[in-house]
Amino acid sequence: MPQNREFDLVLFGATGFTGALAAEYLAANAPADCRWALAGRDRTKLEAVRTRLAGTIPACADLPLLVVDATDDAALEDLASRARVVISTVGPYLLHGEPLVAACAAAGTDYVDLTGEPEFVDRMYLRYHAKAVASGARIVHACGFDSIPHDLGVLFTVNHLPDDVPITVDGFVRASGTFSGGTLASVLTAFSRVRSMARTAKERRAAEPAAADRRGVRGGPGRLHRPTAPLSGWAVPLPTIDPQIVARSAAALPGYGPDFRYRHHASVKHLPVVLGSAAGLSALFLAAQVPPLRDALVRVRASGAGPDAETRARSRFSIRFVGQAGGERIVTEVSGGDPGYGETAKMLVESALCLAYDEVPPTSGQVTTATAMGSALIERLIDAGLRFTVLVPLAPSSANTTSANTSVDG
């Protein structure tokens with residue numbers, strides 16, 4: 001990583017909802033000698049963020065402000081050339097994110113974001129992975145709730161399993177909370193581009209090298225099933241970006257065994273909730289196909305708006321992982337507070353600090369959090385208050401406790 005840059009970190013999108021939370025976390029947790037700046041397109045809003053930060057941390061009164069528009073290629077190139085690591089919270093990334101990725105890949109600047117948009121991640125790989133490899137930049141997407149707890153939770157799990165036999169891990173997610181305007185816009189954008197998303201994913205599969213020395217690496221949603229006694233509730237297929245990220249980590253890292261499979265579920269207590277959620281998502285998907293309805297839904301929650309502090313304080317998440325290898329079984333858990341915003345801001349900033357300051361594996365190009373930072377980031381997150389726990393230590397697996405037939409409630 002280049003050391004002779006003006007800034008260690010630049011936070012781009014600091015005036016958005018999650019960006020402001022990231023700025024607060026960075027102000028409270030950056031090393032004393034960290035040289036960092038706030039960036040965005042509106043100087044007045046940037047000044048307001050700086051003033052708010054200075055109200056609790058007086059040193060922030062002198063934070064540099066960089067006025068940069070997400071569409072200004074020259075300004076983004078200048079920003080990337082001045083920073084060691086850039087944090088981006090400007091979404092939907094499919095609409096606004098590419099120029100900054102391009103600038104960081106060209107400048108050899110590390111980049112982190114919190115996207116959960118599969119098409120954006122795949123498109124950035126196709127266009128900029130090779131350029132980032134050549135420049136030494138590490139492009140790390142999905143550094144929030146999508147997908148750090150899942151990616152690092154699986155890494156934590158497989159680190160407790162033998163690595164010379166096939167490994168299967170099932171994840172079961174339980175989370176509470178609400179959404180911001182930016183999140184809603186990202187979801188609707190993704191729902192409106194299903195065919196384009198599938199086409200881009202196919203192009204990436206064709207371009208991406210196969211996992212070395214592996215018979216297979218697979219990741220995807222699980223299946224709908226009811227857990228066996230004494231557990232209760234329902235395990236519901238969860239088609240998010242998370243299993244794709246996990247599979248890419250497994251393809252890159254030898255500790256995931258000669259054959260690896262990850263299956264992703266939501267853990268839901270009651271069947272009516274399952275049916276209601278499915279109906280709601282189906283209605284949202286259909287509405288996203290009709291531009292006037294999609295535009296109306298985006299206006300339901302304005303960009304930059306999100307849940308208040310009281311709501312965030314009540315929100316929680318837990319993800320349990322059932323890992324099996326060579327006849328042995330382990331159950332682990334990653335858990336924390338407000339998944340969508342408070343903990344996402346924490347994960348995003350700690351990822352950037354990890355790249356800037358920690359000893360991590362030598363990587364470049366578009367890489368996952370497990371590949372780029374691995375155990376160093378797990379330790380950072382534990383120190384920051386997230387919990388990585390072994391709930392059930394290694395034990396012989398049995399026919400009644402296979403991960404294909406068992407959900408774990410959070």
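Because the structure is predicted, anything quoted here is derived from the model rather than measured.
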Any chance the rings of Tyr93 and His141 have centres within less than 6.0 Å?
no
Using only atom types and a distance under 3.5 Å, with no angle test, would you say the side chain of His129 pairs donor to acceptor with the backbone of Gln366?
yes
How far does CG of Asp122 sit from OG of Ser196, to the nearest 0.5 angstrom?
10.0 Å
Scanning both residues in full, the closest heavy-atom pair of Ile245 with Thr368 reads O-CG2, 3.8 Å
When rounded to the nearest 0.5 Å, the distance separating CZ of Arg41 from CZ of Phe12 is 9.0 Å
Taking every heavy atom of Ala250 against every heavy atom of Phe260, the minimum-distance pair comes out as CB-CD2, 3.4 Å
Heavy atoms only: give me the nearest Thr15-Leu46 pair and the separation to one decimal.
CG2-N, 3.6 Å
For Thr115 and Glu117, indicate whether the former's side chain and the latter's backbone hold a donor-acceptor pair under 3.5 Å.
yes
Give a yes or no answer on whether the side chain of Asp170 reaches the backbone of His264 with a donor-acceptor pair at less than 3.5 Å.
no
Donor-acceptor contact present, side-chain Asn29 to main-chain Tyr25, <3.5 Å
yes
Students often mix this up, so state it plainly: with edges at 30° and 60°, are the rings of Phe321 and Tyr262 parallel, tilted or perpendicular?
tilted
Looking only at side-chain N and O atoms, does Asp242 offer a donor or acceptor that is under 3.5 Å from a partner on Ser147?
yes
Donor-acceptor side-chain pairing of Thr109 and Arg5 below 3.5 angstrom
yes
Charged N to carboxylate O under 4.0 angstrom, Glu350 versus Lys346?
no
Main chain of Arg52, side chain of Glu24: is a donor-acceptor contact present, judged purely on distance under 3.5 Å?
no
Between Arg204 and Tyr125, is NZ or CZ placed under 6.0 angstrom from the six-membered ring centre and within 45° of the ring axis?
yes
Could you check whether any side-chain N or O of Asp151 sits under 3.5 Å from a backbone N or O of Ala370, counting only pairs where one atom can act as donor and the other as acceptor?
yes
Which atoms form the tightest heavy-atom contact between Leu161 and Glu328, and what is the distance?
CD2-O, 4.4 Å
Can any side-chain N or O of Asp69 pair as donor or acceptor with the backbone N or O of Thr71 at less than 3.5 Å?
yes
Checking Arg174 against Ser318: is there a side-chain donor and acceptor pair closer than 3.5 Å?
no
Salt-bridge present (Asp259, Arg218; N to O < 4.0 Å)
yes
Would the distance check show the side chain of Arg316 and the main-chain N or O of Ala313 forming a donor-acceptor pair, the cut-off being under 3.5 Å?
yes
Is a side-chain donor or acceptor of Arg43 paired with a backbone partner of Val67 at a separation under 3.5 angstrom?
no
Which value, rounded to the nearest 0.5 Å, describes the distance between Ile148 atom CD1 and Ser351 atom OG?
3.0 Å
With no hydrogens and no angle check, just 3.5 Å: does a side-chain donor-acceptor pair link Thr332 and Thr157?
yes
Closest non-hydrogen atoms of Pro361 and Arg138, given as atom of the first, atom of the second and distance, are O-NH1, 4.5 Å
